[in-house]
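Computed from a predicted structure; not experimentally measured. Values below: every heavy atom of this structure, side chains too, minus hydrogens, waters and symmetry copies.
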Amino acid sequence: EGGANLECSLAQCYNLPADGSYYYYAGDRATGRDAALNDGCAGSQSSCKCAHGTSAAGSNRVSMMACVFNATVEVTDINIYINDAWPGRARNLNLLLFDDLPPGPVTLASFARPVMRQDAVDLTDPARRHLAV
């Protein structure tokens, strides 16, 4: 709480899978990198660029937004900022934390062994947007 936002300077964020088949997909269609996920903007939709996932609402397709640190860091708190204009997109989310990823390109398969998992989280409740790790 109150510490530096290391995500902006030490992380690369991905919007996976990287095929970008969904019309509003904001990530790089070759690598999945999505700068909107760690631009440091915590304002409203009108003041921030929004990241769009790879799945249309109502689809059964698995998609993931993930940030990977470039260096080893000790994480004690995670703050999640939602787009208040679309609260329905902040419900029923699965939050996972990993302490290691396999070498190679970052894909959905890279995220197989979480050290923390919370399923069906409703981030419209402000109390749920801060996680102590």
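Side-chain contact between Thr124 and Pro87: present, with at least one pair of heavy atoms (C-beta onward) separated by less than 4.5 Å. Proximity of Asp122 to Leu93: side-chain heavy atoms (C-beta onward) are nowhere separated by under 4.5 Å. Residues Leu123 and Arg91 are not in side-chain contact: their nearest non-hydrogen atoms beyond the backbone lie 4.5 Å or more apart. The side-chain heavy atoms of Met116 and Leu96, taken from C-beta on, include no pair separated by under 4.5 Å. Side chains of Ile78 and Leu97 form a contact here, defined as non-hydrogen atoms less than 4.5 Å apart. Side-chain contact between Asn70 and Gln12 is present, with heavy atoms from C-beta onward closer than 4.5 Å. In this structure the side chain of Leu16 reaches within 4.5 angstrom of the side chain of Val106, judged on heavy atoms.
Note that the CG atom of Leu95 and the CD atom of Gln118 stand 6.0 Å from one another [nearest 0.5 Å].
Here Val68 pairs with Tyr14, Leu101, Phe111 under the side-chain contact (heavy atoms from CB on, under 4.5 Å) rule; sequence neighbours left out.
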*Where do Met64 and Leu108 land on the side-chain contact (heavy atoms from CB on, under 4.5 Å) test, with the steps shown first?*
CA-CA 7 Å; Met64 175 182 280; Leu108 279 174; 3.7 Å; yes
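Although no hydrogens or angles enter the test, the distance criterion places a donor-acceptor pair under 3.5 Å between the side chain of Asn94 and the main chain of Ala120.
Residue pairs meeting the salt bridge (Lys or Arg N to Asp or Glu O under 4.0 Å) criterion with at least one partner in residues 96-118, sequence neighbours excluded, are Arg117-Asp119.
Taking each heavy atom of Ala11 and Cys67 in turn, the nearest pair found is CB-CB, 4.3 Å.
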